[in-house]
Amino acid sequence: MRNKVVKLLLALLVLAGQAKAQGWVSIQAVGVLPGNTAEENRQCLQAAIDKMSPLGGVLYVEPAEGGYPMQGGIVLKRNVTLLGAHGPTGRGTALPDRSGPTGSLFVIRDSEHPFLTVESATQVRGIQFYYPEQAWQDASRIIAYPPTIRMSPEQNVQGVTLSCLTFYGEYVAMDFRAKAPRICEQILFEHCYGYPLSGQFIAIDRCYDVPRILHCHVNPANMREFGRSFRREVIDAVVRMKTFTYWIDHTDNAQLMDLFTFGVHGGIYLGNETYGQLTNFNFDCVSVGIHKLGSQWKNRNWQIAQGSIIANAGDRIEDIHPILIEGKGHTSLTNVECFSGDNPALTNLGASWDYITVRDEASVVLMGCRMQGYKADTPIHISKDARLRAIGCIDRDNKLVEIKSEE
């Protein structure tokens with residue numbers, strides 16, 4: 001028995017040496033511990049990042065019961081990866097004996113500073129972020145935390161991977177809105193889950209080389225496993241924020257795929273200076289599903305396909321639009337259906353005003369779209385300067401909608 005124990009210890013030492021040689025270091029080995037104060041852990045983690053940055057490497061967020069208390073203000077410097085043990089945990093990990101998540105988990109105790117500011121060539125993967133003081137039953141007690149993850153405001157940020165992340169109680173999850181003259185490029189968001197109480201999960205601005213948002217899921221039931229599903233009045237408060245879960249502007253050829261949101265004002269905002277593709281999505285219990293704008297005709301164009309929108313939330317039925325298009329540019333919509341109705345999880349009007357409203361000079365083609373659950377006499381409203389063609393679309397009475405606006 002003794003020999004077996006010795007062999008096991010030797011094997012672990014060999015593995016530890018290999019991990020260190022390969023640039024993998026446990027955050028516990030650099031002094032980040034579950035029993036520390038949040039400030040002690042911040043200082044230890046930052047010191048390890050600073051030391052690792054010149055050569056690059058991985059700081060492994062070793063799973064710990066109840067996670068690690070953390071203060072904000074951490075800068076993830078160039079070439080460093082924070083790596084945890086998890087894929088996205090859509091309903092939450094759970095402690096066996098008390099309410100709360102566990103594992104590769106940062107428990108954030110700071111309401112003044114963004115938790116993590118990232119520089120270029122960084123990666124954050126497989127980690128959970130938890131705000132235990134955040135309200136989940138009482139809307140009047142919502143805490144407006146700074147973003148959990150943001151890009152550095154002091155430099156251009158390029159080549160960042162944010163993958164398999166879960167957020168619990170965040171206010172803004174990931175903020176990559178660069179302010180001129182700063183830009184961000186090659187930013188990848190994938191497999192990230194949460195429910196931001198500002199309504200803003202991912203925001204991107206001035207990203208001029210193909211931002212990607214893939215396989216992300218926003219849902220107020222994301223803490224169900226440890227008993228913190230958001231109450232109806234909190235979800236109603238999020239809707240009243242009039243924000244969008246996914247928000248982009250000043251981006252070239254954005255790639256957006258497999259996106260979900262529930263219980264927010266807006267699904268996705270495609271700003272004046274954007275173009276790209278959006279496919280395979282579901283925006284559920286929103287006021288506006290897609291709000292697309294455009295500043296010019298050359299390349300303010302979007303191809304949108306294979307999605308569903310349930311637009312029913314808001315104070316006035318006339319303000320509820322599954323799809324709202326303004327400005328200039330072209331939009332192609334293929335196989336996008338709306339079937340608005342009631343949902344007891346939030347206060348709603350049980351219907352949308354129409355299927356699509358097109359303002360200004362935009363052009364739109366609809367193909368194979370199903371239009372249900374609207375209150376207006378017609379599912380389509382277009383301005384006199386807009387151009388729209390509907391082909392093979394079906395209205396609430398199961399009749400073909402064959403519309404061609406005047407030349």
Side-chain angles (χ1 to χ4, degrees), residues 151 156-160 175-189 202-214 243-259 266-281 283 288-307 309 321-336 354-369 380-393 403-407:
M151 64 171 283
N156 296 336
V157 174
Q158 304 175 73
V160 174
D175 190 348
F176 280 70
R177 286 175 282 203
K179 295 182 180 179
R182 304 301 181 197
I183 65 167
C184 58
E185 294 190 336
Q186 290 288 319
I187 311 300
L188 170 62
F189 308 83
I202 297 173
I204 309 172
D205 203 2
R206 293 180 171 82
C207 188
Y208 294 112
D209 191 355
V210 191
R212 291 174 174 86
I213 306 177
L214 312 174
T243 56
F244 285 78
T245 296
Y246 309 100
W247 188 101
I248 68 171
D249 205 356
H250 299 93
T251 60
D252 288 355
N253 200 29
Q255 303 294 300
L256 316 173
M257 182 171 66
D258 182 22
L259 305 184
I268 192 163
Y269 176 91
L270 308 173
N272 258 321
E273 307 297 339
T274 67
Y275 68 96
Q277 294 81 49
L278 166 65
T279 186
N280 294 82
F281 58 90
F283 303 141
V288 177
I290 300 169
H291 190 175
K292 185 267 180 188
L293 298 90
S295 63
Q296 40 94 342
W297 282 102
K298 178 184 177 181
N299 62 354
R300 295 298 175 249
N301 310 319
W302 277 88
Q303 295 78 49
I304 300 172
Q306 305 299 121
I309 303 171
H321 307 284
I323 303 164
L324 174 60
I325 297 175
E326 299 181 291
K328 299 178 181 179
H330 179 71
T331 306
S332 172
L333 291 138
T334 304
N335 299 337
V336 177
D354 55 9
Y355 173 83
I356 185 171
T357 289
V358 184
R359 298 170 181 160
D360 304 319
E361 304 174 43
S363 64
V364 181
V365 173
L366 308 172
M367 293 175 286
C369 297
I380 297 172
H381 293 96
I382 59 174
S383 73
K384 61 181 182 62
D385 296 319
R387 296 289 180 265
L388 184 143
R389 179 75 184 270
I391 304 167
C393 299
I403 293 177
K404 183 178 180 181
S405 58
E406 296 181 3
E407 299 292 343

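A quick note: this is a predicted structure, and the numbers were derived from the prediction, not measured.
Residue Leu333 comes nearest to Cys369 through the heavy atom pair O-SG, 3.8 Å, listed as atom of the first residue, atom of the second, then distance. Closest heavy-atom contact between Gly368 and Cys393: N-SG, 3.9 Å. For Asp354 against His321, the heavy-atom pair with the smallest separation is OD1-ND1, 3.0 Å. Listed here is the closest heavy atom pair of Gln306 and Val336: N-CG2, 4.3 Å. The heavy-atom pair separating Asn299 from Tyr275 by the smallest distance is O-CB, 3.0 Å. Between Phe244 and Gly267 the shortest heavy-atom distance is CD2-N, 3.8 Å.
Note that the OG atom of Ser332 and the CD1 atom of Ile304 stand 8.5 Å from one another [nearest 0.5 Å]. Asn280 CG to Leu214 CG: the interatomic distance, rounded to the nearest 0.5 Å, is 11.0 Å. Distance CD1/Ile248 to CD1/Ile202: 10.5 Å, rounded to 0.5 Å. Atoms CG and CG, from Asn253 and Asn301 in turn, are 11.0 Å apart once rounded to the nearest 0.5 Å. Rounding to the nearest 0.5 Å places CG of Leu256 at 10.0 Å from OH of Tyr246. In this structure, the separation between CD1 on Ile356 and CD1 on Ile382 is 9.5 Å, given to the nearest 0.5 Å.
Ring planes of Phe189 and Phe176: perpendicular class, angle over 60° (limits at 30 and 60°).
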**Q.** Chi angles and distances behind the side-chain contact (heavy atoms from CB on, under 4.5 Å) call for Asp252, Asp209
**A.** CA-CA 6 Å; Asp252 288 355; Asp209 191 355; over 6 Å; no
**Q.** side-chain contact (heavy atoms from CB on, under 4.5 Å) evaluation trace for Phe281 with Ile309
**A.** CA-CA 8 Å; Phe281 58 90; Ile309 303 171; 4.0 Å; yes
Q | Test log, rule side-chain contact (heavy atoms from CB on, under 4.5 Å), inputs Leu293 and Asp249 | A | CA-CA 10 Å; Leu293 298 90; Asp249 205 356; over 6 Å; no
Q: Any chance you could lay out the side-chain contact (heavy atoms from CB on, under 4.5 Å) test for Thr331 and Leu270, step after step, and finish with the verdict?
A: CA-CA 11 Å; Thr331 306; Leu270 308 173; over 6 Å; no
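Checked by atom type and distance alone, the side chain of Thr251 never pairs as donor or acceptor with a backbone atom of Cys207 at under 3.5 Å. Judged purely by atom type and a 3.5 angstrom limit, Asn156 uses its side chain to pair as donor or acceptor with the backbone of Ile183. Side chain of Arg300 to main chain of Asn272: a donor-acceptor pair is present (N/O by atom type, distance under 3.5 Å, no hydrogens or angles).
Of the residues Ile268, Val288, Thr245, Ile323, the one that meets the side chain to side chain contact (heavy atoms under 4.5 Å, CB included) test with Phe283 is Ile268.
One side chain, Ser295 or Glu273, offers a donor N or O that lies under 3.5 Å from an acceptor on the other. No side-chain N or O of Gln186 forms a donor-acceptor pair with one of Gln158 less than 3.5 Å apart.
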Per-pair distances, 0.1 Å, donor-acceptor, side chain in residues 358-367, under 3.5 Å, sequence neighbours excluded:
unit_1	atom_1	unit_2	atom_2	d
Arg359	NH1	Glu326	OE2	3.0
Asp360	OD2	Gly327	N	2.8
Ser363	OG	His330	ND1	2.7

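Residues passing the ring pair (Phe, Tyr, Trp, His ring centres under 6.0 Å) test with His250: none are found, sequence neighbours excluded. Evaluation of the ring pair (Phe, Tyr, Trp, His ring centres under 6.0 Å) rule for Trp302 yields no partner, not counting sequence neighbours.
When side chains are defined from C-beta on, Ile213 counts as touching Ile204, because their heavy atoms get closer than 4.5 Å. When side chains are defined from C-beta on, Tyr269 does not count as touching Thr243, because their heavy atoms never get closer than 4.5 Å.
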